[in-house]
Amino acid sequence: MYEGAIQDLIDELGRLPGVGPKSAQRIAFHVLSADPADVTRLATALRRVKELVRFCTVCYNVAESEQCRVCRDPRRTEEVLCVVEEPKDVVAIERTGEFRGRYHVLGGAINPLEGVGPDNLRIRELLGRLGTGTVRELILATDPNTEGEATATYLALMVKPMGISVTRLASGLPVGGDLEYADEITLGRAFEGRRAV
Ligand SMILES: [Zn+2]
């Protein structure tokens with residue numbers, strides 16, 4: 001289509017999730033006509049995210065130090081642990097302001113069709129955390145879709161024999177959807193109305 005650098009940029013942008021060929025082209029030409037200082041800031045932000053951001057050694061949320069902000073906060077109870085699929089789910093739940101416990105980020109959900117089994121998720125690490133005996137309630141906040149439900153069922157079976165109360169977010173979340181797309185009020189209510197599994 002185009003030659004050289006502009007086509008390289010369009011190709012790279014087109015590999016990003018949710019960016020189709022038309023959007024890639026539009027963004028590339030926006031970059032081309034943008035103020036050089038703005039483009040430098042964007043390039044720096046891209047580089048810094050790879051240099052600075054890592055995963056929390058406790059919960060696997062994104063962090064800029066050994067531990068994430070939630071794990072470093074001594075005011076949050078360690079007795080309630082909320083299991084989510086991705087760091088973006090932590091952000092969605094934090095927005096509700098309903099939760100004062102800690103998180104565990106699995107890094108995905110069980111999905112046999114895509115070859116993702118329990119061993120590919122941070123389930124061993126979760127069981128290790130639960131083994132210390134501090135956690136009294138485990139909230140399963142995986143996505144309300146097939147993979148999320150399968151993961152929640154699997155975790156409930158593993159964890160209930162440990163004598164820990166296991167709860168799942170209440171219905172009302174859009175079925176088949178993604179936790180991050182639920183609005184704060186719906187997600188907040190789903191938290192309040194969580195039920196034992
Ligand atoms: Zn953490």
Side-chain angles (χ1 to χ4, degrees), residues 17 45-111 116-145 147-160 162-170 173 177-184 186-192 194 196-197:
L46 286 171
R47 210 182 51 246
R48 279 170 53 90
V49 79
K50 288 305 286 179
E51 283 169 4
L52 300 178
V53 180
R54 43 189 164 155
F55 292 103
C56 172
T57 54
V58 177
C59 75
Y60 303 95
N61 188 12
V62 286
E64 287 207 5
S65 55
E66 189 88 342
Q67 292 187 10
C68 73
R69 207 162 36 183
V70 173
C71 289
R72 287 200 316 265
D73 185 348
R75 293 165 303 175
R76 302 187 70 124
T77 176
E78 295 192 37
E79 295 188 354
V80 188
L81 195 60
C82 179
V83 177
V84 296
E85 293 181 19
E86 306 287 352
K88 60 185 164 57
D89 302 323
V90 172
V91 174
I93 293 168
E94 285 299 287
R95 265 201 316 256
T96 70
E98 291 286 337
F99 184 59
R100 299 299 301 158
R102 313 277 176 142
Y103 292 96
H104 189 86
V105 182
L106 292 172
I110 295 172
N111 187 345
V116 182
D119 292 345
N120 304 110
L121 305 171
R122 297 187 189 103
I123 291 177
R124 208 176 325 113
E125 292 84 346
L126 172 66
L127 297 176
R129 289 180 78 184
L130 297 177
T132 62
T134 317
V135 177
R136 308 213 171 278
E137 181 185 353
L138 186 73
I139 303 172
L140 301 172
T142 49
D143 287 343
N145 56 27
E147 295 78 24
E149 292 297 341
T151 310
T153 304
Y154 177 86
L155 290 176
L157 282 170
M158 300 282 284
V159 172
K160 276 207 279 190
M162 300 172 86
I164 295 165
S165 149
V166 181
T167 56
R168 180 91 173 107
L169 296 194
L173 292 172
D178 220 323
L179 207 63
E180 61 169 319
Y181 299 133
D183 67 273
E184 281 132 73
T186 306
L187 189 53
R189 282 200 192 122
F191 243 88
E192 278 175 50
R194 64 188 185 269
V197 290

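Counting convention: from 1, in listed order, for ligands and their atoms alike.
Salt-bridge check for E64 with R72: failed, with every basic side-chain N at 4.0 Å or more from each acidic carboxylate O.
Applying the ring-ring contact (aromatic ring centres under 6.0 Å, His included) criterion to F99, with sequence neighbours excluded, gives Y103, F191.
Contact annotation: the side chain of R194 approaches that of E137 to within less than 4.5 Å [non-hydrogen atoms, C-beta and beyond]. Contact annotation: the side chain of V70 approaches that of R76 to within less than 4.5 Å [non-hydrogen atoms, C-beta and beyond]. No side-chain heavy atom of V105 sits less than 4.5 Å from a side-chain heavy atom of V62.
By the criterion of a separation under 2.8 Å, the protein N/O/S atoms near the Zn ion (ligand 1) amount to C56 SG, C59 SG, C68 SG, C71 SG.
In the model, T142 has a side-chain atom that pairs as donor or acceptor with a side-chain atom of R168 under 3.5 Å.
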